[in-house]
Structures are given as C-alpha cells and as structure tokens.
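Predicted model only: the values in this text are computed from it and were never measured.
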Amino acid sequence: MGGAEVMDVLAAMPLAAWVSLAAVLVWLGLLLGRGGFWRADQKLDNAGVTHDEAVPVVAVIPARDEVFTIGRTVHSLLRQDYPGPLTVVVVDDNSSDGTAEAARAAAERPDEKACLHVIQGEPLPAGWSGKMWAVHQGLTHARQVTPEAKYVLLTDAEIEHNPGNLSRLMARAVRENRALVSLMVRLRCVSVWEKLLIPAFVFFFQKLYPFPKVNDPRSKVAGAAGGCMLVRLDAFDAAGGIEAIKSELIDDCALARNVKAQNVSIWLGLATRTRSLRRYEGQGEIWRIVTRTAFTQLGNSALNLLLMLAFMAVTYLWPPVALVWGAVTADPVTAALGLIGWGLMAVAYWPTLKVYHMPRWRALTLPAAALLYAGMTVDSARRHWMGRGRAWKGRVYQ
C-alpha cells in the first residue's frame, strides 16, 4: 500500500477509530516510557545487614483505634532479626478501644518490654493532621530515650513486618547510601472487592510515581509509601522534619519529595512478605480511603479533574467499548484498535497481578477498576466543593 492509499484509509477512519488509535498510542508510550513502571520489579534483596553495618534504629507507630492490629504490628517489630539496637515507640492517638493496652501486651519477654515505649498522645493542635502530630510526638520521645539512633522506621499500626524486613531495609540504605528506603507493603487481597481494586491501586500508584524514576538519583521524581519508611535522621532533619509536612494528607510522598530535594538518594519498592493487616471487605471501605486524598492528589483543581477523567476515559474505558462498538457497527478498524489497546493494557497490568498471585484473566478487569477509581475521585472533589472535607479516624480535614 502506497502513501496515498494510507492517507485515504486514515481520512476515512471514523472518530471512534481515531480515539481507539489514541488509546493504543498512549499504552505504547506507557509501556516504552515512564521508567518501565509496569514491570513491578523494584524489590528488596534477600541479604540483610551485618552486625558492623547495623546502627541504632527507632520505630515510631502512630495508632488511633487500632486494637485489632496493633499487637501484631508491635510483635512483628519486637521479633525482628535485626542485629543492631531497635527501640519501638507507639503513640496512642487518643484511642477509645484499648489500643495502648494491646500494644503493651505484645511485649512478652523482659527484653521486649525494655525496648517498647507506649505513650499517650496530646490533643490535636490546629494546623496538624492527626497522623503527623502523633509521629511528631513519637519522634520527640524517641530522641529523648534513644538519642544515639541514626534512622527512624515510620510504620503504620496495621503493618506486620517480616522478621528480616528491617535488616533488608537497612542493607539497601547503607550499601547504596539511600537517605530514605520505603516499601509499598503487600495489601490484603482476599475479598471480591479487594481482588478487583487493590492490585489496580498498586498499579496506579506505580504509574503516578514510577519506582525506577524514584530510585534514580538523576530524576526529580519522588515518592514513598507511608506504611513502611526507613529514614536517615540527618536527612530527615535537613528536609524540615515532620513540621515541614504537618498538614499534608499525602504525607509520605511529601516527605520523599522534601528528602530527595536535599540532593540525596531515595528508594521505593514493592514488598512481597511485609504486609498490611487492614481488611477491605466492602467496596465502600476502599471508597472512603481513596476519597480522602484523591482530589488532593490533583491539587484540588477542577481542570486537573477534567483532564484526569478524559485520560481515564480514553486510556482505560474506551478500548473495551471500542471492541464491542466496532463489532456491532461492522467497523473492523475500530474493533481491531480497541482489541490492541485492551491487550496492551493487560500486558502492562499483568506484572502487578503476579505480585498478588492473581490469575492472568484478571488483567482484563482493569477498565472496571479504573471506572470505580474515577468515580471515587469525582466524589472526593464533590466533598471538597461542598465543604465536607476529608473524614478519617473520626476527624475531618478541610
């Protein structure tokens, strides 16, 4: 086919085919660019630190109404095989369910009781998010009881750490001179809604903050996962500490951005053994979590929201629609391009599904998950415009 014939074919293509072609080009760009984020291959090595490399570490856990998980979290930290000193500080952020008692009960042996500190949080002052205020109090206490600590492990109250997790985190930090090492912990993926939405959430997070670019010191891309962050304290202080992000709702990525801005190296990867204990039995539970920060991620901008919705519609929703539309209307070009776009989408999604041991056919469900996440973002914007703020743990942030 000559150039003239190609131009004739292109000129005769309907709008549906052009949109399908745009989706194919977007997926080709995502597969070939953005640092290969979709490969989901940034993971910790199995090797831990030696005794000589193990410096003192303090773990800080903010906890508010986490009675059902805090015990396992604390126990998993107290039983780390880390060869250096580790102190654990739990900040009970005005819980009403016995969180502090459950945390103390996790220390069974005398040596565990000696390195565990459970403190009562003070009332939340204006201008602070609840989590950051709790972390601030925990760090203040930690500096008093373990002034020799060189690193802080910031972790959530529902994270069960693999016994070798801290040792492997430290190995990455020390051997590669990383000021911050963070893991996107393995999220629970058991219920129907979890299987549909959790791997998709991890995929979207990787696309938004491409891990290979985060881990490249030459790139300005910065990101972290707040459930598990090991931070070198001198770099943490140079970045302004917790005070610099005291009102941030997406505090983990804000911290990573501040730390990397100090011209130091950071690292972000996927966990395969350290996991979250939080359960998402219903779609509504995931919806509430996402709506808390989704519009904030867009800078609370209506224009960014419209651009995001247009991108999601063309990139994720249109390919399967185009396949059906082309078949129904006898438009083979649109159908073929829709099939190609959906296939490229599945190729990109498959490595993340493998991390969660999901079957290959689930790669075809990404458009459905994308539709729901788009709805969550719209709802997040609605709440913002109605002045309802972001509700979390009994608090509302405007």
Side-chain angles (χ1 to χ4, degrees), residues 30 37-44 66 68-69 72-73 76 155-162 165 182-211 214 223-229 249-250 252-253 268-294 296-297 308 312 315-317 320 345-380 390 392-393:
L30 290 173
F37 76 93
W38 56 275
R39 295 188 177 93
D41 58 357
Q42 303 296 294
K43 299 172 184 176
L44 286 176
E66 297 284 5
F68 296 111
T69 61
R72 290 173 66 179
T73 296
S76 70
T155 184
D156 288 343
E158 75 280 356
I159 307 300
E160 186 173 41
H161 295 262
N162 177 268
N165 190 46
S182 178
L183 282 178
M184 166 67 78
V185 302
R186 187 178 180 84
L187 303 177
R188 187 178 183 270
C189 196
V190 177
S191 71
V192 172
W193 288 109
E194 288 170 340
K195 290 178 179 179
L196 175 63
L197 294 173
I198 293 302
F201 172 82
V202 175
F203 177 81
F204 294 144
F205 186 82
Q206 291 176 95
K207 187 180 71 173
L208 191 60
Y209 302 99
F211 290 13
V214 170
C228 181
M229 299 189 295
L249 294 184
I250 310 177
D252 43 12
C253 293
L268 171 62
L270 291 169
T272 56
R273 286 165 284 195
T274 292
R275 63 195 185 105
S276 171
L277 300 172
R278 190 172 299 282
R279 303 163 66 94
Y280 308 98
E281 294 293 352
Q283 177 254 3
E285 296 177 51
I286 301 175
W287 192 286
R288 284 190 295 274
I289 291 173
V290 174
T291 55
R292 184 174 67 99
T293 58
T296 302
Q297 185 69 63
M308 183 278 296
M312 296 288 276
T315 306
Y316 292 94
L317 305 183
M345 189 191 318
V347 168
Y349 192 29
W350 171 235
T352 298
L353 288 172
K354 286 179 65 177
V355 172
Y356 281 84
H357 305 294
M358 295 285 103
R360 192 181 298 270
W361 66 264
R362 284 194 174 273
L364 300 177
T365 67
L366 188 55
L371 178 61
L372 287 169
Y373 277 113
M376 296 175 202
T377 306
V378 171
D379 190 39
S380 180
R390 281 78 163 172
W392 186 246
K393 295 283 187 178

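At least one donor-acceptor pair closer than 3.5 Å links the side chain of T155 to the backbone N or O of G227. Formation of a donor-acceptor pair under 3.5 Å by the S276 side chain with backbone atoms of L187 is not found in this model. Of the possible polar contacts, none joining the S182 side chain to the M229 backbone as a donor-acceptor pair under 3.5 Å is found. Remark: side-chain polar atoms of T274 are paired, donor with acceptor, to backbone N or O of N162 under 3.5 angstrom.
In this structure, R278 pairs ionically with E66, as a charged nitrogen and a carboxylate oxygen lie closer than 4.0 Å.
Residues L183 and N165 form a side-chain contact, since some pair of their non-hydrogen atoms from C-beta on lies under 4.5 Å apart. Residues V202 and Y356 meet the side-chain proximity criterion, which asks for heavy atoms closer than 4.5 Å. In this structure, the side chains of R186 and V355 come closer than 4.5 Å at one or more pairs of heavy atoms. Residues F201 and I286 are not in side-chain contact: their nearest non-hydrogen atoms beyond the backbone lie 4.5 Å or more apart. Looking at R362 and P199, their side chains never come closer than 4.5 Å, going by heavy atoms from C-beta outward. Side-chain contact between F211 and L270: present, with at least one pair of heavy atoms (C-beta onward) separated by less than 4.5 Å. Using a 4.5 Å heavy-atom threshold, the side chains of W193 and L372 count as touching. Proximity of F204 to L366: side-chain heavy atoms (C-beta onward) are separated by under 4.5 Å at one or more points.
A distance of 10.0 Å separates OG of S380 from CZ of R292, quoted to the nearest 0.5 Å. Distance check, rounded to the nearest 0.5 Å: CG of L268 to SG of C253 gives 8.0 Å. Note: M358 CE to L196 CG = 11.0 Å, rounded to the nearest 0.5 Å. Rounding to the nearest 0.5 angstrom, the gap separating the OG1 atom in T293 from the CD1 atom in I250 is 5.0 Å.
Residues that satisfy the ring-ring contact (aromatic ring centres under 6.0 Å, His included) test with Y209, not counting sequence neighbours, are F205. With sequence neighbours excluded, the residues satisfying side chain to side chain donor-acceptor pair (under 3.5 Å) with R273 are N46. Take T315 and apply the side chain to side chain donor-acceptor pair (under 3.5 Å) test, not counting sequence neighbours, and it matches no residue. Scored by the side chain to side chain donor-acceptor pair (under 3.5 Å) test, T73 finds no partners at all (sequence neighbours excluded). Among residues two or more places apart in sequence or in another chain, the ring-ring contact (aromatic ring centres under 6.0 Å, His included) test is passed with F203 by F37, Y349. Not a single side chain to side chain donor-acceptor pair (under 3.5 Å) links Q283 to another residue, sequence neighbours left out.
Aromatic ring centres of Y316 and Y373: separated by at least 6.0 Å.
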